[in-house]
Amino acid sequence: MSEKIIPINDLRSPAMKIPATLAAPTGLLSDALGRPLHDLRISVTDRCNFRCVYCMPKEVFDKDYQYLPHGDLLSFEEITRVARLFVAHGVEKLRLTGGEPLLRKNLERLVAMLRALPTPSGRPLDLTLTTNGSILARKARALKDAGLDRVTVSLDALDDAVFKRMNDVDFAVSDVLHGIDAAHAVGLGPVKVNMVVKGGTNDDQILPMARHFKGSPTILRFIEYMDVGASNGWNMAEVVPSGDVVRRIAAELPLAPLNPNYSGETATRWRYLDGDGEVGMISSVTQAFCGDCSRLRLSTEGKLYTCLFATRGHDLRALLREGRDDLEIGSAIAQLWRGRADRYSETRTADMAPMEPGARRVEMSYIGG
Ligand code: SAM
Ligand code: SF4
Ligand code: SF4
């Protein structure tokens with residue numbers, strides 16, 4: 001039987017008649033470029049206690065900045081319902097993000113609800129969280145007990161002065177390191193650490209960070225500074241290409257390339273030749289990986305974004321709150337993914353693709369990383 005597809009926006013129209021026969025809201029999905037849907041990133045808050053200069057610069061995210069009111073946020077029940085439909089469509093990995101996800105009250109309750117979701121394969125979901133680590137030491141045990149598998153912690157420097165310049169709220173490195181230790185201690189490992197490298201601001205920390213985490217159970221990954229959002233004043237001159245990062249590390253600590261763990265992995269892997277572990281490079285600017293991109297993002301207020309650089313989201317919350325049933329919402333999700341043709345990083349590298357007039361890219365703190 002051929003499937004009847006409902007465009008996600010048409011579903012919102014009261015005039016829209018829902019066809020009697022719809023696709024069952026299950027089954028694996030491929031987008032317009034043949035990419036499967038595997039990975040859903042869920043932003044649980046647009047607020048953060050840091051003001052990282054590359055993400056929520058103070059000049060924009062100041063005391064007058066209008067965050068979303070609480071009623072606009074998806075509730076834990078709404079998030080879980082949506083996640084259940086995505087899992088039925090083949091999503092195997094859920095990542096909670098933000099803003100700072102640990103600022104969302106009782107987040108462990110959401111973790112427990114997601115952990116209880118059934119999967120078509122019977123294999124457990126991969127349930128992870130990205131955090132700035134600021135309150136991780138306090139939360140690690142509860143998150144583990146609720147069923148979280150792993151955490152990724154962002155840390156941009158080992159030197160306090162440089163780190164404070166990056167987070168812009170005077171937060172000390174040692175507190176984040178305590179959070180990482182606590183995560184390991186309760187079994188939320190292997191912990192990955194993400195370091196965004198901003199040329200001229202923290203690139204002198206590449207080697208100290210590599211030396212610090214070499215030989216530890218923590219996997220350090222270097223991220224190229226990206227042109228996400230419209231607030232950070234991004235400039236190509238401040239991007240340190242991953243190739244340079246590899247060369248700088250290898251000059252002191254010899255490295256060799258490693259095969260990816262799985263297809264679609266965002267980081268390329270490098271192992272230390274002395275056997276003391278590995279580092280990763282996330283080269284979103286200089287070596288785009290759109291060809292394998294199997295990620296969909298759900299914003300704090302329930303909009304779906306098919307690309308990190310999208311200017312438009314698709315309003316799933318409206319469908320949830322209009323009382324649409326699982327069949328309707330599942331079909332809308334399938335429709336959205338099947339029509340997806342985003343490959344922003346590839347086109348940006350080729351020709352710095354111009355944006356549509358009046359379009360504004362969504363902020364990283366709203367959509368999650
Ligand atoms: N607050 C949490 C944190 O910092 O880990 C989660 C949300 S944060 C938006 C997710 C990831 O995006 C972090 O690792 C952060 O460093 C990264 N990020 C934010 N802005 C970025 C940018 N302009 N370029 C590259 N990575 C960025
Ligand atoms: Fe907050 Fe994370 Fe953005 Fe830093 S990167 S401002 S910690 S959301
Ligand atoms: Fe995926 Fe868009 Fe990033 Fe390409 S630019 S890897 S399509 S999120």
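Owing to the predicted nature of the structure, the values given are computational and were not obtained by experimental measurement. First listed ligand is number 1; within each ligand, the first listed atom is number 1.
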Pull out every atom of ligand 3 sitting under 4.0 Å from any heavy atom of [X], numbered as shown with elements.
| X | result |
| --- | --- |
| Phe309 | 5 (S) |
| Leu308 | 2 (Fe), 8 (S) |
| Arg295 | 6 (S) |
| Ser345 | 5 (S) |

Nearest-neighbour protein heavy atom for [atom], which is reported as residue plus atom name and distance:
| atom | value |
| --- | --- |
| atom 4 (Fe) of ligand 3 | Cys290 SG, 2.3 Å |
| atom 2 (Fe) of ligand 3 | Cys307 SG, 2.3 Å |
| atom 1 (Fe) of ligand 3 | Cys293 SG, 2.4 Å |

Can you find a non-hydrogen atom of Arg297 under 4.0 Å from ligand 3? yes
With a 4.0 Å cut-off on heavy atoms, is Gly99 touching ligand 2? yes
If two hydrophobic side chains count as joined below 4.5 Å and joins carry through other members, does [X] share a cluster with [Y]?
| X | Y | result |
| --- | --- | --- |
| Met236 | Ile223 | yes |
| Val151 | Leu103 | yes |
| Val246 | Leu273 | no |
| Ile219 | Phe213 | no |
| Leu155 | Leu207 | yes |

Set of residues satisfying salt bridge (Lys or Arg N to Asp or Glu O under 4.0 Å) with respect to Arg109, sequence neighbours excluded: Glu77
Walk me through whether Thr130 and Arg95 qualify under side-chain hydrogen bond (donor to acceptor under 3.5 Å, both in side chains). CA-CA 7 Å; Thr130 305; Arg95 176 176 293 281; 2.9 Å; yes
Neighbouring protein N, O or S atoms of atom 4 (Fe) of ligand 2 [cut-off: under 2.8 Å, no waters]: Cys52 SG
Derivation of the side chain to side chain contact (heavy atoms under 4.5 Å, CB included) call for Met364 and Tyr54: CA-CA 9 Å; Met364 190 78 136; Tyr54 52 78; over 6 Å; no
CA sep, side-chain torsions, deciding dist, call: Arg150, Leu127, side chain to side chain contact (heavy atoms under 4.5 Å, CB included): CA-CA 7 Å; Arg150 288 175 292 107; Leu127 194 50; over 6 Å; no
Is it true that atom CZ of Arg211 has more than 12 heavy atoms of other residues, nucleotides or ligands lying nearer than 6.0 Å? yes
Using a 6.0 Å cut-off, check whether atom CG of Asp62 has over 12 heavy atoms from anything other than its own residue. yes
Please classify the Glu346 to ligand 3 contact at 4.0 Å (heavy-atom distances, strictly less than): side chain, backbone, both or neither. neither
Here the ring pair (Phe, Tyr, Trp, His ring centres under 6.0 Å) pairs for residues 158-212, sequence neighbours left out, are Phe50-Phe171
dist Ile333:CD1 -> Leu296:CG (nearest 0.5 Å) comes out at 8.0 Å
Considering Leu33, Asp31, Asp342 one by one, which has a heavy atom nearer to atom 7 (S) of ligand 3 than any of the others? Asp342
Taking any residue with a non-hydrogen atom under 4.0 angstrom from an atom of ligand 1, which ones do you get? Tyr54, Cys55, Thr97, Gly98, Gly99, Glu100, Thr130, Thr131, Asn132, Ser154, Asn194, Val196, Ile223, Glu224, Tyr225, Met226, Asn232, Met364, Gly369
Lys303 and Asp315: CA distance, side-chain angles, deciding distance, salt bridge (charged side-chain N to carboxylate O under 4.0 Å, His left out) verdict: CA-CA 5 Å; Lys303 290 204 172 119; Asp315 193 356; 5.6 Å; no
One pair to check against salt bridge (charged side-chain N to carboxylate O under 4.0 Å, His left out): Glu278 and Arg269. What are the steps and the verdict? CA-CA 7 Å; Glu278 64 178 86; Arg269 302 167 62 211; 2.9 Å; yes
